[in-house]
There are 2 protein chains.
Amino acid sequence: MTPSLTEQLRTGNLFAGECPSRDVLKHVTSRWGVLILVALRDGTLRFSDLRRRIGGVSEKMLAQTLQWLEMDGFVDRVAYPVVPPHVEYSLTPTGQQVSEKVAALADWIEVNLPEVMAARQQREGKDAA
Amino acid sequence: MTPSLTEQLRTGNLFAGECPSRDVLKHVTSRWGVLILVALRDGTLRFSDLRRRIGGVSEKMLAQTLQWLEMDGFVDRVAYPVVPPHVEYSLTPTGQQVSEKVAALADWIEVNLPEVMAARQQREGKDAA
DNA sequence: CGGAATCCTCGATGATACTG
DNA sequence: CAGTATCATCGAGGATTCCG
């Protein structure tokens, strides 16, 4: 309970139901939010680039999730007034920080997927045993 | 595209829509999954402990999310055959690894919440400006 | 106490069509 | 190309009740 002296000032509290930090968490850990943040780590990408890169996203959800992340200050959107439209998305400095954490989680899952799958198998006949 | 020699074997691919890693990500980053994994870092907790600790969870979702995490091998469930029932939840070794990543993200959000809130304010009058 | 079962709501997500 | 608008769907999540 008592925060250590070295602990940074913790303004938000995710365990409190009404804390706005819950919204930020929701955006970042949303189905496509995670993948967008990870994808943009490679650099600036266009809308269609992201769409191709992230398997299964619809245009709608990609646009909406990008807006969430843009509102939270994680993603920077630059639209060039040309025809046809040209819009580039990139991570803000703040966005790079979150994406780092998110990517670490994503990486862990991708690397340790076999162990998780194995664990599920174990559970299969657990009751019967 | 070409993985570095030092890169660990990456079995899963979150960018592929059909990859089972998507399910793991869904469980871990679910609304309550994140908070459960973080809460259990402090040690073994009972069902009711978790319920009190995590503001806003319903019994149903707590139970369901715990089952997801248990199936994935992240959470260990021990039920003592006594009356009234006594069930303890704790992190498995694998679970401790994911929770580490998840907690890092959660911490970042809690600490940097002010900056995110500030970013949102900036966006407020963006169009008008 | 720790659920399981049931019913219900709403938002995330999807599919399609239209536009600057 | 990069959306927006609209309509439809599905499942996460919630409220309530019942049980060992």
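Note: hydrogens, waters and symmetry copies are ignored here, and every other heavy atom, side chains too, is used. A note on names: the letters A, B, ... follow the listed sequences, proteins ahead of strands, and every chain is numbered from 1.
In this structure, B/Ser48 reaches the C/dG2 phosphate: one of its side-chain N or O atoms is under 4.0 Å from OP1 or OP2. Dashed line: the shortest gap from a side-chain N or O of A/Gln67 to OP1 or OP2 of D/dT4 is under 4.0 Å. In terms of phosphate contacts, A/Arg31 brings no side-chain nitrogen or oxygen within less than 4.0 Å of OP1 or OP2 of D/dC10. For A/Trp68, no side-chain nitrogen or oxygen approaches OP1 or OP2 of C/dG11 to under 4.0 Å. Listed pair A/Arg77 / D/dA2 fails the phosphate criterion, with no side-chain N or O lying under 4.0 Å from OP1 or OP2. Taking 4.0 angstrom as the limit, A/Tyr89 places none of its side-chain polar atoms (N or O) nearer than this to OP1 or OP2 of D/dC1.
Under a 4.0 Å N-O distance rule, the pair B/Asp107/A/Lys101 does not qualify as a salt bridge.
For B/Arg46, the side-chain atoms get nearest to C/dG2 when compared with the rest of C/dG2, C/dG20, D/dG13.
Among the protein residues, B/Arg51 comes within range of no part of the nucleic acid, since none of its heavy atoms lies under 4.0 Å from any strand. Among the protein residues, A/Gly56 comes within range of the sugar-phosphate backbone only, with heavy atoms under 4.0 Å from sugar or phosphate atoms but none that close to a base. Note on B/Pro84: only backbone sugar-phosphate atoms sit closer than 4.0 angstrom, heavy atoms only; bases stay farther off.
Looking at B/Arg46, its side chain never comes within 3.5 Å of a backbone N or O of B/Tyr89 through a donor-acceptor pair.
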